[in-house]
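Scroll down for the structure; my scribbles are underneath it.
Just follow the structure's listing: the first ligand is 1, and inside any ligand the first atom is 1. None of these values were measured; they are calculated from a predicted model.
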Amino acid sequence: MTTFHENYDVFEELGKGSFSVVKRCSHKVTKAEYAVKIAHVSYANEKAIRRIEREERICRKLNHINIVQLHNVYTERETRYLIFDLVTGGELFEEICNRKYFSEADASVCMQQILESVQYCHSMNVVHRDIKPENLLLSSKNKDAKIKLADFGLSVEVSNEKTYWFGFAGTPGYLAPEVIKKNPYGKRVDLWACGVVLYILLAGYPPFWDEDKYKMYEQIVHGDYDYPSPEWDPVTSEAKNLIDSLLSVDPEKRFSASDALRHPWIANRDRVASKLH
Ligand code: ADP
Ligand code: MG
């Protein structure tokens with residue numbers, strides 16, 4: 001058994017979260033580049049160990065063009081190294097900041113890839129629970145870069161369409177109403193988050209926002225968002241209809257990933273998604 005550091009050279013930091021740091025690395029022999037997610041978990045912290053083991057187990061079974069691919073894992077003392085294929089286009093978050101907002105045609109292409117990754121996760125009975133632009137990476141700096149869903153740190157394994165209380169987890173602005181209400185929940189929480197992402201892609205700002213988190217939660221549970229003038233005026237009614245179908249407060253009425261992929265704004269992009277906005 002060789003160690004991670006015997007096999008890989010480690011370079012700059014690519015990102016950081018609450019439980020781990022992600023760095024660029026390259027294999028000493030093949031020179032192939034990867035992103036390694038390094039998590040220190042003390043033996044005493046059983047919860048942290050369970051979390052990282054769950055992330056590892058889930059990532060091992062996923063293989064999809066729109067998901068960051070796990071390549072290898074090293075377990076050494078109190079450190080876990082999860083080695084992923086390197087993605088070099090940065091976060092969708094930065095891209096939104098750079099471009100302010102996306103044209104409908106570009107947002108539709110983006111959304112289709114996000115929905116395909118979610119549809120695949122759900123077909124594998126995995127709920128991501130933390131879909132947001134920081135966890136959506138771009139495969140390269142090119143204009144036709146693929147979107148890659150990353151960070152399965154909060155993901156859970158579900159049994160088909162059953163709902164269950166998996167705990168209060170996610171990122172405040174993207175939490176589905178049923179999570180805030182502490183109701184049992186399931187796959188549809190990811191579609192709510194997709195609705196928030198789509199809104200942000202088209203506007204450059206989020207649908208629910210207040211400095212006071214609890215006031216924002218009030219907006220979310222009431223589905224209290226709108227399309228302010230003038231910036232939303234040129235946006236097609238089909239785009240707004242898809243957002244509304246994803247931001248349905250009732251999870252039973254909310255679109256599934258397959259429903260959303262069949263929506264004309266995605267499926268008939270060339271005819272429907274306006275190139276103007
Ligand atoms: P955390 O659970 O700490 O949020 P993530 O898995 O989201 O960890 O990774 C943190 C950040 O590291 C990401 O937002 C991204 O910027 C960067 N990152 C993660 N995986 C990769 C990868 N495969 N290639 C390039 N950068 C990555
Ligand atoms: Mg993350």
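The cationic group of Arg188 does not satisfy the cation-pi geometry with Tyr185, failing either the under 6.0 Å distance to the six-membered ring centre or the 45° limit from the ring axis. A cation-pi arrangement is present between Arg51 and Phe19 under the rule of less than 6.0 angstrom and at most 45 degrees off the ring axis.
Tyr225 is linked by a ring-ring contact (aromatic ring centres under 6.0 Å, His included) to Phe208, Tyr227, counting only residues two or more places apart in sequence or in another chain. Residues passing the ring-ring contact (aromatic ring centres under 6.0 Å, His included) test with Tyr164, sequence neighbours excluded: Phe166.
Judged by distance alone, the side chains of Asp9 and His27 never bring a donor and an acceptor atom under 3.5 Å apart. Side-chain atoms of His128 and Ser155 include no donor-acceptor pair closer than 3.5 Å.
For the Mg ion (ligand 2), the neighbouring protein N/O/S atoms at less than 2.8 Å, given as residue and atom, are Asn135 OD1, Asp151 OD2.
For the atom pair Cys25 SG and His5 NE2, the distance stands at 9.5 Å (nearest 0.5 Å).
Classification of the Tyr81-Phe4 ring pair by plane angle, with boundaries at 30° and 60°, yields parallel.
For Lys23 (side chain) and Ala35 (main-chain N/O), no donor-acceptor pair under 3.5 Å exists by modelled atom type.
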Between ligand 1 and the protein, tabulate every N or O atom pair separated by less than 3.5 Å, reporting distance only.
from	atom 1	to	atom 2	distance (Å)
ligand 1	2 (O)	Lys37	NZ	3.1
ligand 1	2 (O)	Asp151	OD1	3.0
ligand 1	2 (O)	Asp151	OD2	3.0
ligand 1	3 (O)	Gly17	N	3.1
ligand 1	3 (O)	Ser20	OG	3.1
ligand 1	4 (O)	Asp151	OD2	2.9
ligand 1	6 (O)	Lys37	NZ	2.9
ligand 1	7 (O)	Asn135	OD1	3.0
ligand 1	7 (O)	Asp151	OD2	2.8
ligand 1	8 (O)	Lys37	NZ	3.2
ligand 1	14 (O)	Glu91	OE2	2.8
ligand 1	14 (O)	Glu134	O	3.0
ligand 1	16 (O)	Glu91	OE2	2.6
ligand 1	23 (N)	Asp85	O	2.9
ligand 1	24 (N)	Val87	N	3.0

